[in-house]
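Before any comments, here is the structure.
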Amino acid sequence: MPRIHLLSPRLANQIAAGEVVERPASVVKEVLENSLDAGATRVDIEVEAGGSKLIRIRDNGSGMAADDLPLALARHATSKIASLEDLERVGSLGFRGEALASIGSVSRLSLTSNPSEDSSQGSCAACEGREMEVQLKPAPHPRGTTVEVRDLFFNTPARRKFLRTEKTEFSHLEEVVKRLALSRFDVAFSLRHNGRALHNLKSGTGQAERQRRVATVCGPAFMEQALYVETELPALRLWGWVGLPTFSRSQADLQYFFVNGRIIRDRVVAHAVKQAYRDVLYHGRHPAFVLYLELDPAQVDVNVHPTKHEVRFRDGRAVHNFIFSSLHRALAEVRPGDATRPAAVTTAEGLAVDTATGEISRQAGLAWGAPDASPAPAGGFGGYRAPAGPAPGQTREQLRDYGRLHALPEVASEEAPPPLGYALAQLQGVYILAENAAGLVLVDMHAAHERITYERLKRARASEGIRSQPLLVPRAVAVSQREAQLAAEHAALFQGLGMVVDVAGEESLLIRQIPVALRDSDVEQLLRDVLADLIEFGRSDRIESHLDEILSTMACHGSVRANRRLTVPEMNALLRDMEATERAGQCNHGRPTWTQLSLEELDKLFLRGR
Ligand code: ADP
Ligand code: MG
């Protein structure tokens, strides 16, 4: 083995560059973050050849004095933190002091900057990866900084080979700009590629301006089908937009989560969001959201990863709980008649745009999943049956239903019609057509009835409790000591869900009793999964989720089928039930249950100017 020697600064920087500079997009991220840290209110980004030839970013931030420019290019040189305490409550996006040094070691980099409002004279520092020697000269520049990065990886051919096509690199770069644009509504952004202006986002922090930016960045269809949420606890705030379940995506590509203004990817957050959508999302689909979590910086560690995309929460469980319960509530509260329309295919414009671009699934929740959208086997079960009359053993709820089913709607009354209006007719045995104040309502009767039945079954379970039965032969499960302790600590949780789990030894549990509904399930695996969740997230909804799945299947089988004729009173009863039901906008599988076609939209369809 050769003797130990110190690496040259250039080589050390190039090695460090491997961590932060993967591709043009990572350069843009670092340079833009510096502009934001410098208090810029406007940044202009110019890119050539997907960023590998040129990235030029100009800001109107604080700028740097001539003497500081060589320092900015040096490794471990930063103006953002000075002590360990600073690190523990870091408020800036950068703090490691190595981005510019890294970028400079693998490109031709120049910094032109001016810290003064009063003069237009600044300075320029340039370095070329090869030697890392900084040349300093005067240069005109208004207050602020321009960073120019040319010929990325010109001196590291191995890395250059890993670059993809110009188009791919640019789309990564654009994604970085989008994320930062969503993180700072108070900053204006512009982006040009190969001389073409692509984005020009004005600054503004009013609600309308924010919504406009989200619509520009995420697409207008998202904004049209998103709920605004805002919840606050003494030390936590969550706000932003969550896509209605019917606006789900085939990929997790429209998910933005910011913690104190920094975009992050985090298991705790991802799990909490997924759990909140559990009951309303079509299997295999991904929710869309733009969410902002704000908390005391001391409660989150951002120094976990060089790109700072990952964070660690001091109290992950509290954060999980907060996110889950905020979103869960918001999604459950969507009712017919709310300002936001739950199902897709709403505007005539939307339809036109869709067909023109062929992007139907982006706009219309109804377009995907065609095979599944058709109601289950024909000729199957009974329908949405009006109870034949009060019978012994019927619940009060059923009796009330009976009354409602047989009461004709008061069409003539002066009062505004209910949100989903009154039934007009049934189409092809599948859809209910109804008239409400806005125009025409279309309901998928199987999907709607399925959700109603499901929510009713869940309510019944909540009020009557979960029926549970002792096992003839208790099941022994070998676990770790930690898991055994957790099972003992959470005995009440298990019991509440109809499961009795005893500690039989330091590393052994006994399942004594299980919910009747889980008779045919693998309860041992379920128990293990629950314990794993408890360890990682401090909570688990697996048993409920499993029980829900069973109820959901029951609801599906017990719901009205296609090709069953409903009478007008039956249809109206279904509409009224939908209005009173949580999550009525989607069936148990996340398909939309109804949609609205307004009079304006109908008029547009027929080119009828009013
Ligand atoms: P870090 O951002 O972690 O401090 P960088 O290498 O990205 O490290 O930047 C080094 C220093 O250069 C920053 O701390 C900051 O003082 C200065 N700097 C970089 N970009 C700008 C800019 N656009 N405006 C003002 N100062 C900047
Ligand atoms: Mg930086």
Side-chain angles (χ1 to χ4, degrees), residues 9-10 12-22 24-46 55-84 86-107 109-117 122-127 129 132 134 136 139 141-149 152 176-177 179-180 183-184 187-190 261-263 297 302-309:
R10 172 171 54 100
N13 280 330
Q14 285 176 336
I15 292 170
E19 285 186 350
V20 284
V21 192
E22 189 196 340
S26 18
V27 172
V28 169
K29 172 184 179 286
E30 294 297 334
V31 176
L32 275 182
E33 287 189 349
N34 281 344
S35 296
L36 297 178
D37 281 344
T41 57
R42 144 144 234 116
V43 284
D44 298 296
I45 306 145
E46 216 182 312
I55 294 168
R56 186 189 294 125
I57 296 180
R58 167 189 280 238
D59 70 48
N60 63 353
S62 63
M64 284 170 279
D67 293 348
D68 279 353
L69 290 180
L71 266 178
L73 294 171
R75 190 138 176 253
H76 302 308
T78 179
S79 56
K80 297 168 194 174
I81 58 168
S83 68
L84 186 63
D86 293 345
L87 181 61
E88 275 164 9
R89 35 175 53 254
V90 87
S92 54
L93 295 166
F95 54 80
R96 301 168 73 105
E98 54 189 16
L100 290 180
S102 295
I103 296 167
S105 72
V106 291
S107 69
L109 171 68
S110 81
L111 286 181
T112 312
S113 195
N114 173 8
S116 157
E117 289 286 9
S123 359
C124 172
C127 74
M132 286 304 286
V134 178
L136 201 59
H141 199 281
R143 179 177 182 266
T145 304
T146 297
V147 179
E148 213 177 83
V149 179
L152 185 63
V176 165
V177 177
R179 288 176 184 173
L180 284 160
S183 80
R184 292 291 300 271
V187 177
F189 290 83
S190 78
R262 186 191 298 279
I263 185 126
V302 292
N303 189 25
V304 187
H305 192 268
T307 61
K308 308 180 209 79
H309 272 324

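Order of listing sets the numbers, starting from 1, for every ligand and every atom in it. The structure presented is a predicted model; accordingly, all values stated were derived computationally and were not measured.
Glu46 pairs by the salt bridge (charged side-chain N to carboxylate O under 4.0 Å, His left out) definition with Arg56, not counting sequence neighbours.
Using a 4.5 Å cut-off on side-chain heavy atoms (C-beta onward), Phe95 and Asp86 make no contact. Between Leu180 and Val43 there is no side-chain heavy-atom pair separated by less than 4.5 Å. Counting only heavy atoms from C-beta outward, the side chains of Leu69 and Val134 never approach each other to under 4.5 Å. At least one side-chain heavy atom of Val21 sits less than 4.5 Å from a side-chain heavy atom of Leu152. The closest side-chain heavy-atom distance from Asn34 to Leu100 is below 4.5 Å. Using a 4.5 Å heavy-atom cutoff, the side chains of Ile263 and Ser183 are not in contact.
Counting protein heavy atoms only, atom 17 (C) of ligand 1 is closest to Met64 SD, 3.5 Å. Of the protein's non-hydrogen atoms, Gly97 N, 3.6 Å is the one closest to atom 1 (P) of ligand 1. The nearest heavy-atom contact from the protein to atom 23 (N) of ligand 1 is Asp59 OD2, 2.9 Å. The nearest heavy-atom contact from the protein to atom 4 (O) of ligand 1 is Thr78 OG1, 2.6 Å. Ranking protein heavy atoms by distance to atom 6 (O) of ligand 1, first place goes to Leu100 N, 3.0 Å. Among protein heavy atoms, atom 22 (C) of ligand 1 sits closest to Thr145 OG1, 3.7 Å. The protein non-hydrogen atom at the shortest distance from atom 20 (N) of ligand 1 is Asn34 CB, 3.2 Å. Of the protein's heavy atoms, Ala72 CB, 3.3 Å lies nearest to atom 12 (O) of ligand 1.
Judged by distance alone, the side chains of Ser105 and Asn13 never bring a donor and an acceptor atom under 3.5 Å apart.
Side-chain atoms of Ser110 never come within 3.5 Å of backbone atoms of Ala125 as a donor-acceptor pair (strictly under, hydrogens ignored). Using modelled atom types, one side-chain atom of Asn114 and one backbone atom of His141 make a donor-acceptor pair closer than 3.5 Å. In terms of modelled atom types and a separation under 3.5 Å, the side chain of Ser113 and the main chain of Met64 share a donor-acceptor contact. Side-chain N or O atoms of Arg58 include none that pairs as donor or acceptor with a backbone N or O of Arg42 at under 3.5 Å.
Here Ser113 has no heavy atoms under 4.0 Å from ligand 1, in either its backbone or its side chain. Looking at Ser79 against ligand 1, both its backbone and its side chain come within 4.0 Å, counting heavy atoms. Contact annotation: for Val147 versus ligand 1, there are no heavy atoms closer than 4.0 Å.
The tally of protein N/O/S atoms under 2.8 Å from the Mg ion (ligand 2) stands at 1.
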*Would you please test Arg143 and Asn60 for side chain to side chain contact (heavy atoms under 4.5 Å, CB included) and show each step?*
CA-CA 6 Å; Arg143 179 177 182 266; Asn60 63 353; 5.8 Å; no

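Within the 4.0 Å heavy-atom cutoff, Lys80 counts among the residues contacting ligand 1.
Considering backbone and side-chain N/O of Ala38, none are found under 3.5 Å from N/O of ligand 1. Of the polar atoms of Ala99, at least one N or O is found under 3.5 Å from an N or O of ligand 1, judged by distance alone.
Ligand 1 places these atoms under 4.0 Å from at least one heavy atom of Gly94: 2 (O), 3 (O). Atoms of ligand 1 lying under 4.0 Å from at least one heavy atom of Arg96, given by number and element, are 3 (O). Per-residue contacts place Ala77 under 4.0 angstrom from the following atoms of ligand 1 (heavy atoms of the residue considered): 10 (C).
For the pairing with Leu36, the side chain to side chain contact (heavy atoms under 4.5 Å, CB included) check across Thr41, Asp59, Val187 returns one residue only, Val187.
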